[in-house]
There are 2 protein chains.
Amino acid sequence: MAKKKEAKALDTTTEEKIKSAARVAFHKKGYAATRTRDIAEEADINLALLNYYFRSKEKLFETIMFETLFSFMQNMAMVLNDEKSTLEKKVELVAEKYIDLIIKEPNVPIFMLSEIRNNAEGLLEKLPIKQLVMNSSFFKQHQDAVAKGKITEPNPLHFLMNLLSLVVFPFIAQPLLQGIGGMNNKQFNELMQDRKKLIPVWIKATMKAK
Amino acid sequence: MAKKKEAKALDTTTEEKIKSAARVAFHKKGYAATRTRDIAEEADINLALLNYYFRSKEKLFETIMFETLFSFMQNMAMVLNDEKSTLEKKVELVAEKYIDLIIKEPNVPIFMLSEIRNNAEGLLEKLPIKQLVMNSSFFKQHQDAVAKGKITEPNPLHFLMNLLSLVVFPFIAQPLLQGIGGMNNKQFNELMQDRKKLIPVWIKATMKAK
DNA sequence: ATTATTTTTAATCAAATGATTAAAATATTT
DNA sequence: AAATATTTTAATCATTTGATTAAAAATAAT
């Protein structure tokens, strides 16, 4: 299992092929509904190879899950800790960046939140997500704005929840919303594009609401 | 399988016992992760009885799923079609009613949305959810308010999305948010209680935002 | 070229899981 | 009370599924 040749070209390693197939399958169907055989077939490798490289379905899952969470956290950190941008600008960045991101990976939010629900302590204690958010420039700027009377509701969690809610929830409820609105995928995505501009406007309006 | 005695006392029928156990298990873990044996054990019945009453795991699931969706839709219909209340009042009712509801059944939203995602057409085409929402008093009042210039954004789906997002998303992300905020269940629920009053205020603020 | 090491495969195992069967227990009808 | 119908159980099947093994193929080292 040693690595002799360094990742040839663009990750066509066997290990990488398995991880890619596993990522797609887990993100789409979750841990329980995913069969290791499906992963192997999709990756075009023998089933035994999956266990040769990752020991077990669970270990493979942990690898994918960790990488997914880590990538999400990194994105979050990037925006929330950008020292140069104002709070308002950060709201715009979150809306724009995350809407683009989720359009590309529409299964990731519900996957993450479902699996965290199954194993919250285990997964979250490995990543310093609390410190990341609570010590962020974003939170400090929020406190400032509250102190200066620019924001009515003092609890920063409500502010973060509202932002994430408006950005993420429509994707989680996408099939339901498309059913209600009689929309196809393209129309839905157009609606989400609208929201890049709208959400910052709405969030600003809530800041002063009372 | 005929019903001889009418539901004795409070639904202690075998069929009802199985459904209760199945409801809890499916809501908590989803279809794929639920074992029929777990349902049988929880219901304190022989595994074969489950198949005797419901033919298969899938049929039992469909029963539970349909009832869950139907109950959700009925609740929705009740509020959205109340002819006596204003649009603002309906927003208050949705916030209050759904927050209470989801605190009692915190697994239902992510369960519904996950399973709909797995089988969107199949599940949604059985229930007239589109007609319910599009023909509702809620939607008519929204159109009026737009016509009278009381609401900036004309698309009623954005309005509905925003309301549902602010109400439902925090519950879906509950374990993550508790991790971020270092909250226990009680503290989280208190935060949700706050939102009963706050969400209507925020929604009103977004109506006039531009 | 030969040997050793790593990677891949086909075949198979063992446990889990949804479902069935035939008989026993219970309830209902006559 | 006897006959009939319904409900419940224990035992068992058949498949699916995660995992292993032993051998073959490919690659690297000597």
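All chains are named by letter (A, B, ...) in the order of the sequence lines, taking the proteins before the strands, and each is independently numbered beginning at 1.
For Glu41(A) and dA10(C), the CD to C1' distance is 16 Å, given to the nearest whole Å. For the pair Glu15(B) CD and dT6(D) P, the interatomic distance rounds to 15 Å; values are reported in whole Å. Note: CD1 (Ile45(A)) to P (dT9(C)) measures 8 Å, nearest angstrom. Here the C1' atom of nucleotide dT7(D) and the CD1 atom of Ile18(B) are 11 Å apart, to the nearest Å. At whole-Å resolution of the value, NZ in Lys17(A) and P in dT7(C) are 14 Å apart. Here the P atom of nucleotide dA10(C) and the CG atom of Leu49(A) are 11 Å apart, to the nearest Å.
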Working for side-chain contact (heavy atoms from CB on, under 4.5 Å), residues Gln178(B) and Asn185(B): CA-CA 8 Å; Gln178(B) 289 190 193; Asn185(B) 287 358; 3.2 Å; yes

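Applying the 4.0 Å criterion to OP1 and OP2 of dT8(D), one finds that Thr14(B) has a side-chain N or O inside that range.
Look at Glu96(B) and Lys89(B) and you find no salt bridge, because none of the NZ, NE, NH1 or NH2 atoms lies under 4.0 Å from a carboxylate O.
For the residue pair Gly122(A) and Glu125(A), the shortest heavy atom distance occurs at O-CG, 3.7 Å.
With Tyr31(B) as the aromatic partner, Lys57(B) meets the cation-pi criteria of under 6.0 angstrom to the ring centre and within 45 degrees of the ring axis.
With sequence neighbours excluded, the residues that form a side chain to side chain donor-acceptor pair (under 3.5 Å) with Lys196(B) are Asp100(B), Gln193(B).
Within the model, atoms CZ of Phe26(B) and OG1 of Thr63(B) stand 9.5 Å from one another, a figure rounded to the nearest 0.5 Å.
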Protein proximity profile, nucleotides 18-24 of chain C - base contact B, sugar-phosphate-only contact S, no contact -, cut-off 4.0 Å on heavy atoms: BBBB---

